[in-house]
Amino acid sequence: MPTITAFESSPDRGRGQARDMRVRWAFEEVGQPYDVRLVSFAAMKAPAHLARHPFGQIPTYEDGDLALFESGAIVLHLAERDDGLLPKDANARARAIAWMFAALSTVEPPIVELTMAMLFERDRSWYAERLPMLQDRARVRLGELSRHLSGADWLDGAFSAGDLMMVTVLRRLNTSGLLDEYPDIAAYVARGEARPAFRRAFDAQLAVFKAASQS
């Protein structure tokens, strides 16, 4: 059975923002059972984990002789191996993969920069001046994405791995207030969160946080 790594004690307090959530969701969408090995922050920087992930992060993926790191690469591997996350039509399949890259390379960077500032820079003297700039950078991408969606349920026809990655990226903004400015994107995220596979994955990662907080 494939094994992934996840935080022993997630800093997001079980809100499903850690990147193992993407992989858990992908497993649930394709109907593949998996095991989870929980790692502490110290263990993430130990040689054993660095052999799997050279940057000392999560998630990692192991299945037989194959070891992978980077959530996007793991989700793509699962999507290419099992039905449910990539279209069978070659052109539609290529577009779905392009949306996976767009989520990680184009949409996520300004969102991560904004949310990290909101978490860790609030006490800095320049925070109030910098925040509007970071918000506007995220708004640029949200506006572009909104124009593409234009009332559609998903990015390119049926739900795909591209939507899975995009929804997990956009969920980082759930507490920022920015999604309220784009009702179509907020509805898009809500559709992703309503999928049974998402709910199973969310409950699984939340259970880890609850167990850690009670120990």
Side-chain angles (χ1 to χ4, degrees), residues 4-7 9-26 39 41 44-45 49-50 53-60 68-76 96-149 154-155 161-193 198 201-202 205-206 209:
I4 66 170
T5 50
F7 287 124
S9 181
S10 180
D12 73 348
R13 302 180 65 81
R15 291 194 293 266
Q17 303 289 9
R19 287 180 172 88
D20 65 288
M21 179 64 193
R22 302 165 178 179
V23 179
R24 291 175 183 272
W25 186 4
V39 292
F41 288 104
M44 288 165 60
K45 304 305 179 183
H49 188 74
L50 289 173
H53 197 310
F55 304 105
Q57 299 175 331
I58 59 97
T60 60
L68 294 173
F69 64 99
E70 290 296 329
S71 61
I74 298 169
V75 170
L76 180 57
I97 294 171
W99 277 112
M100 292 182 66
F101 279 86
L104 298 177
S105 300
T106 302
V107 179
E108 186 170 44
I111 289 177
V112 168
E113 189 176 17
L114 169 61
T115 55
M116 294 299 281
M118 293 173 65
L119 283 172
F120 300 114
E121 299 177 5
R122 287 183 178 273
D123 60 344
R124 304 298 178 91
S125 60
W126 34 260
Y127 174 75
E129 183 177 354
R130 185 168 183 255
L131 182 62
M133 176 191 68
L134 297 177
Q135 291 172 326
D136 286 343
R137 288 178 180 173
R139 285 188 180 102
V140 169
R141 295 308 185 205
L142 293 174
E144 293 163 342
L145 182 61
S146 176
R147 286 193 293 275
H148 173 81
L149 279 170
W154 306 113
L155 293 170
D163 295 293
L164 185 153
M165 298 305 293
M166 189 68 76
V167 168
T168 58
V169 166
L170 294 169
R171 290 188 72 253
R172 289 180 171 273
L173 294 174
N174 278 352
T175 60
S176 71
L178 285 185
L179 292 184
D180 296 337
E181 301 176 19
Y182 303 88
D184 54 344
I185 295 182
Y188 169 68
V189 172
R191 279 191 293 276
E193 293 175 330
F198 176 92
F202 184 89
Q205 62 82 38
L206 180 60
F209 171 77

(request) State whether the side chain of S10 and the backbone N or O of F7 hold a donor-acceptor pair below 3.5 Å, judged by distance alone. (result) no
(request) Check for a donor-acceptor pair, side chain of H49 on one end and backbone N or O of Q57 on the other, with a separation under 3.5 Å. (result) yes
(message) Would you call the rings of F69 and H53 parallel, tilted or perpendicular, taking 30° and 60° as the class edges?
(response)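 Ring orientation of F69 relative to H53: tilted.
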Taking the side chain as every heavy atom from C-beta outward, state whether [X] and [Y] have any atom pair closer than 4.5 Å.
X	Y	value
F202	W25	no
P59	I74	yes
W99	M166	yes
V23	R19	no
R24	I4	yes
R22	V169	yes
V189	L173	no
L76	I97	yes

Between [atom1] on residue [X] and [atom2] on residue [Y], distance to nearest 0.5 Å:
X	Y	atom1	atom2	answer
R130	S125	CZ	OG	12.0 Å
E121	E113	CD	CD	8.5 Å
Q17	L119	CD	CG	9.5 Å
D20	I58	CG	CD1	4.5 Å
Y188	H148	OH	NE2	8.5 Å

(message) Let's go through I185 and L170 carefully: what are the C-alpha distance in whole Å and the side-chain angles of both, what is the deciding distance for side chain to side chain contact (heavy atoms under 4.5 Å, CB included) to 0.1 Å, and is it a yes or a no?
(response) CA-CA 8 Å; I185 295 182; L170 294 169; 3.8 Å; yes
(request) Check the pair I111 / L178 against side chain to side chain contact (heavy atoms under 4.5 Å, CB included), numbers first and verdict last. (result) CA-CA 10 Å; I111 289 177; L178 285 185; over 6 Å; no
(request) Take atom CZ of F101 as the centre, draw a 6.0 Å sphere, and report whether it contains more than 12 heavy atoms from other residues, nucleotides or ligands. (result) no
(message) With a sphere of 6.0 Å drawn around CZ of R13, does it hold more than 12 non-hydrogen atoms of other residues, nucleotides or ligands?
(response) no
If you take all heavy atoms of [X] and [Y], which pair is closest and at what distance?
X	Y	value
A117	L134	CB-CD1, 3.5 Å
N174	L179	OD1-CD1, 3.5 Å
F198	E193	CD2-O, 3.2 Å
D184	S146	OD2-OG, 2.5 Å
M118	R122	O-NE, 2.7 Å
F41	P11	CZ-CD, 4.0 Å

(message) What verdict does the side chain to side chain contact (heavy atoms under 4.5 Å, CB included) test give for E144 and V140, after you've listed the backbone C-alpha separation in whole Å, the side-chain angles of each residue and the deciding distance to 0.1 Å?
(response) CA-CA 6 Å; E144 293 163 342; V140 169; 3.7 Å; yes
Using 4.0 Å as the upper bound for N to carboxylate O, is an ion pair formed by [Y] and [X]?
X	Y	value
E108	R171	no
R15	D12	no
E129	R124	no

(message) Show, in sequence, the C-alpha distance, side-chain angles and deciding distance for M165 and S71, and conclude whether the side chain to side chain contact (heavy atoms under 4.5 Å, CB included) test is met.
(response) CA-CA 9 Å; M165 298 305 293; S71 61; 4.2 Å; yes
